[in-house]
Amino acid sequence: MSRKEQIDLNRLPRHIAIIMDGNGRWAKQRGQMRIFGHENGVKPVKDVAEACTELGIEYLTLYAFSTENWNRPQNEVNALMNLLVKTIHAEIKTLQDNKIRLLAIGDLKSLGEESYAELMHAIELTASNENLALVLALSYSSRWEIVEAAKNIAIKTREGSIEPSDIDSAMFSEYLTTRSVPDPELLIRTSGESRVSNFLLWQIAYTELFFTNTLWPDFGKEDLYEAIIDYQNRERRFGLISEQINPL
Ligand code: IPE
Ligand code: IPE
Ligand code: MG
């Protein structure tokens, strides 16, 4: 049986999030510049989005650029921003053909005018597409997002439009950039690093984590299937005991 056939289509995660890591090392292994790795990180994005669409996954969130990534050498930051604009521009037709809806989370205004405009254009054009929602995390960090939410709640509380006693975790979630997206059931990180690097800290409270040594440019559909199968073999207890989840 192929890996794809081993997936139980009735127990798919609704939302998969991926920390796409390892582009620089992939390039270095080939004696190339880091940007060569980023350029080769575009194909796996397309493959994974296609695989998710074929399976019927509802949301795919990709960590493409973190708040901390702004501190990389300026030439790498510029190259990444150019690659972002170029790729979005080149892939709008693919998004439309596959009815993929593009969304973005993060401090988008900080991306710079051209990237922001290209991104907004693609988001607007694809807004009514009904297959996969592809969420790009750009200039994103979870602590930034949580602090922004806290600030906005504080403003509303001072204005008197909400009471401190109204604040609970459901309301807090509504102030995050992911307000329209359910929490991911599965988080994948490539490149062998076992850390979360400021990604979706609030949202992954009960997410299943899958770490693989594969570097992002080498990641493909089969790797995604492997992660989904692994996820489907786990027991998600949410603090309960096994017998409560599987009563006799
Ligand atoms: C992930 O690959 C892409 C981004 C963070 C933009 P890296 O650029 O982090 O590659 P490594 O981790 O240095 O190999
Ligand atoms: C996390 O990767 C950010 C993205 C994948 C966009 P990094 O390569 O920036 O993370 P660290 O520095 O290894 O934690
Ligand atoms: Mg990295």
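Order of appearance sets the numbers: ligands from 1, and atoms from 1 within every ligand.
Between the side chains of Ser142 and Trp202, no donor N or O sits under 3.5 Å from an acceptor N or O. Counting only N and O atoms by type, the side chains of Ser141 and Ser66 include no donor and acceptor under 3.5 Å apart.
When each atom of ligand 2 is checked for a heavy atom of Phe65 under 4.0 Å away, the hits are 6 (C). Using a 4.0 Å cut-off to heavy atoms of His38, the atoms of ligand 1 that qualify are 3 (C), 8 (O). Taking a cut-off of under 4.0 Å to the non-hydrogen atoms of Arg195, the atoms of ligand 2 that pass are 11 (P), 13 (O), 14 (O).
Residue Arg34 touches ligand 1 through its side chain alone, judged by heavy-atom distances below 4.0 Å.
Comment: Lys4 engages Glu54 in a salt bridge, judged by a side-chain N to carboxylate O separation of less than 4.0 angstrom. A salt bridge between Glu159 and Lys156 is absent, with no side-chain N of the basic residue lying under 4.0 Å from a carboxylate O of the acidic one. Salt-bridge formation is detected for the pair Lys46/Glu91: a Lys NZ or Arg NE/NH1/NH2 atom is positioned less than 4.0 Å from an Asp or Glu carboxylate oxygen. Glu130 and Lys99 are not joined by a salt bridge, as no carboxylate oxygen comes within less than 4.0 angstrom of a charged side-chain nitrogen. Ion pairing between Lys221 and Glu50 holds under the 4.0 Å rule for side-chain N and carboxylate O.
By the 6.0 Å and 45° rule, Arg72 does not stack over the aromatic ring of Trp70.
Checking Leu80, Asp21, Asn23 against atom 8 (O) of ligand 2, the nearest heavy atom belongs to Asp21. Within the set Arg25, Gln29, Met20, the minimum heavy-atom distance to atom 12 (O) of ligand 1 is found for Arg25.
Among all protein heavy atoms, the one lying closest to atom 7 (P) of ligand 2 is Arg72 NH2, 3.8 Å. Closest to atom 14 (O) of ligand 2, if we only count protein heavy atoms, is Ser197 OG, 2.6 Å. The nearest protein atom to atom 10 (O) of ligand 1, hydrogens excluded, is given as Gly24 N, 2.9 Å; this is a heavy-atom distance. Of all protein heavy atoms, the one closest to atom 6 (C) of ligand 1 is Ala64 O, 3.4 Å. Taking atom 2 (O) of ligand 2 as the reference point, the nearest protein heavy-atom neighbour is Arg189 NH2, 3.7 Å.
Screening the protein for N, O or S atoms under 2.8 Å from the Mg ion (ligand 3) yields 1; no waters enter the count.
Considering backbone and side-chain atoms alike, Asn69 places an N or O below 3.5 Å from some N or O of ligand 2.
Heavy-atom distances between Ser191 and ligand 1 stay at or above 4.0 Å for every pair.
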